[in-house]
**Q** 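The following block contains the structure, expressed as structure tokens.
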Amino acid sequence: MISVYKLKPKFQQLLTPVLLFLHKNKITANQITISSILLSVIIGILFWNADISKWFFLSLPIGLLVRMALNALDGMMARKFNQTSKLGEVLNEVGDIVSDVIIFFPLIKFQPESLYLIVIFIVLSVINEFAGLMGKVTGKERRYDGPMGKSDRALIIGLYGLLMFFGVAISGISVYIFALLIGLLLISTYIRLKKSLHEA
């Protein structure tokens with residue numbers, strides 16, 4: 001299945017100089033993870049208040065790109081410099097879920113016509129991450145299969161922020177957009193659970 005996640009290896013290569021710089025300055029993997037969570041809170045707050053200034057909508061594409069970089073860096077730091085820990089895993093998994101909910105929640109404010117679909121989208125996003133974790137629970141590896149995994153959702157919400165910044169109204173079609181995203185999330189969740197069970 002097509003997913004932005006497949007670009008991760010090349011993205012990590014670009015981040016290698018940043019990784020070495022952070023390690024040289026004694027920044028740990030867990031500190032990067034916590035920074036990512038705090039950044040997500042800031043993005044959510046700015047997004048919620050974007051009716052005050054349209055410039056706050058840019059927190060989505062810019063902030064989510066930085067968040068994706070931090071998410072990649074914490075894993076790279078943990079693996080390369082032997083900083084893996086149970087605390088790190090918990091922070092990473094719980095942090096991702098909490099961060100997604102915080103960032104997606106303001107959609108309810110700006111697209112009220114799709115209220116119920118947005119709620120379903122947020123709930124399915126959480127379920128999708130748990131489905132990915134099932135791969136590890138069954139004794140194999142965590143699943144990141146798309147479509148509409150974490151990276152794909154970040155891309156979509158980032159594009160949404162750009163559209164809102166440039167004044168492109170999607171109210172007339174938002175119901176169809178979120179219905180499509182929900183469908184892709186259901187497919188992604190099914191694939192993750194199916195592959196987890198198959199590998200088990």
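These figures come from a predicted structure and were not determined experimentally.
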**Q** Which heavy atom of S171 sits nearest a heavy atom of Q111, and at what distance?
**A** OG-NE2, 3.7 Å
**Q** Between S174 and S114, does a side chain to side chain donor-acceptor pair (under 3.5 Å) hold up when you go through it step by step?
**A** CA-CA 7 Å; S174 71; S114 299; 2.6 Å; yes
**Q** Hey, is the main chain of F166 close enough, under 3.5 Å, to the side chain of K54 for a donor-acceptor pair?
**A** no
**Q** Do the side chains of K150 and D96 get close enough for a salt bridge, i.e. N-O under 4.0 angstrom?
**A** yes
**Q** Report the distance from atom CZ of F121 to atom CD1 of I182, rounding to the nearest 0.5 Å.
**A** 8.5 Å
**Q** Side chains of N71 and S36: do they bring a donor and an acceptor to under 3.5 Å?
**A** yes
**Q** Do the side chains of I62 and I157 join up, straight or via other hydrophobic residues, at under 4.5 Å, putting them in one cluster?
**A** yes
**Q** Between S53 (side chain) and A50 (backbone), is there a donor-acceptor pair under 3.5 Å?
**A** no
**Q** Do the side chains of Y176 and L107 join up, straight or via other hydrophobic residues, at under 4.5 Å, putting them in one cluster?
**A** yes
**Q** How long is the span from the NZ atom in K194 to the OG1 atom in T189, to the nearest 0.5 Å?
**A** 14.5 Å
**Q** If you round to the nearest 0.5 Å, how far is CD1 of I34 from CG of L70?
**A** 12.0 Å
**Q** side-chain contact (heavy atoms from CB on, under 4.5 Å), that's the test. Do L60 and M164 meet it? Break it down for me.
**A** CA-CA 10 Å; L60 292 173; M164 295 295 282; over 6 Å; no
**Q** To the closest 0.5 Å, what do you measure between CD1 (I42) and CD1 (I102)?
**A** 11.0 Å
**Q** Please report the shortest heavy-atom distance between S85 and N30, naming the atom on each side.
**A** OG-ND2, 3.9 Å
**Q** Which is it for I177 and Y160 under the side-chain contact (heavy atoms from CB on, under 4.5 Å) test, yes or no, and what are the steps along the way?
**A** CA-CA 11 Å; I177 293 174; Y160 172 83; over 6 Å; no
**Q** Which pair of heavy atoms, one from S125 and one from R153, lies closest together, and at what distance?
**A** OG-CD, 3.3 Å
**Q** Under the 6.0 Å and 45° cation-pi test, does R142 pair with Y144?
**A** yes
**Q** Tell me which one of F110, W55, F57 satisfies ring-ring contact (aromatic ring centres under 6.0 Å, His included) with F165.
**A** W55
**Q** Would you check if the side chain of N25 reaches a backbone N or O of F21 as a donor-acceptor pair within less than 3.5 Å?
**A** yes
**Q** Can you name the closest pair of heavy atoms from P61 and L58 and give their distance?
**A** CD-O, 3.4 Å
**Q** Looking at N49 and I45, what are the two nearest heavy atoms and their distance?
**A** ND2-O, 2.8 Å
**Q** Which atoms form the tightest heavy-atom contact between S196 and A131, and what is the distance?
**A** OG-O, 4.1 Å
**Q** Report yes or no: do F130 and L185 belong to one cluster of Ile/Leu/Val/Met/Phe/Trp/Tyr joined by side chain heavy-atom distances under 4.5 Å?
**A** yes
**Q** Using atom types as modelled and distance alone, determine if a side-chain donor or acceptor of Q83 lies under 3.5 Å from a backbone N or O of A29.
**A** yes
**Q** Please determine if K195 and E141 form a salt bridge, counting it only when a charged side-chain N lies under 4.0 Å from a carboxylate O.
**A** no
**Q** Nearest 0.5 Å, please: how far is CZ in R67 from CD1 in I43?
**A** 7.0 Å
**Q** Does F47 have its ring centroid less than 6.0 Å away from the ring centroid of F56?
**A** no
**Q** Taking I103 as the starting point, is it possible to reach I127 by hopping between hydrophobic residues whose side chains are less than 4.5 Å apart?
**A** yes
**Q** Consider only side-chain heavy atoms of I, L, V, M, F, W and Y, link residues closer than 4.5 Å, and tell whether I173 and I108 are in one cluster.
**A** yes
**Q** Could you tell me if the side chain of T28 sits less than 4.5 Å from the side chain of M77, heavy atoms only?
**A** no
**Q** To the nearest 0.5 Å, what is the distance between CG on D74 and CG on L22?
**A** 11.0 Å
**Q** When you measure from the side chain of S188 to the backbone N and O of P147, does any donor-acceptor pair fall under 3.5 Å?
**A** yes
**Q** Run the side-chain contact (heavy atoms from CB on, under 4.5 Å) check on K80 and L20 step by step: do they pass?
**A** CA-CA 10 Å; K80 187 175 180 64; L20 297 176; 4.2 Å; yes
**Q** Verify, without hydrogens or angle tests, whether S40 (side chain) and S99 (backbone) share a donor-acceptor contact under 3.5 angstrom.
**A** no
**Q** Give a yes or no answer on whether the side chain of E129 reaches the backbone of V126 with a donor-acceptor pair at less than 3.5 Å.
**A** no
**Q** For the side chain to side chain contact (heavy atoms under 4.5 Å, CB included) test, which of L124, N128, I156, L186 pairs with M148?
**A** I156
**Q** Looking at side-chain heavy atoms only, is the closest gap between T16 and M76 below 4.5 Å?
**A** yes
**Q** Can you tell me if OH on Y116 sees more than 12 non-hydrogen neighbours from other groups inside 6.0 Å?
**A** no
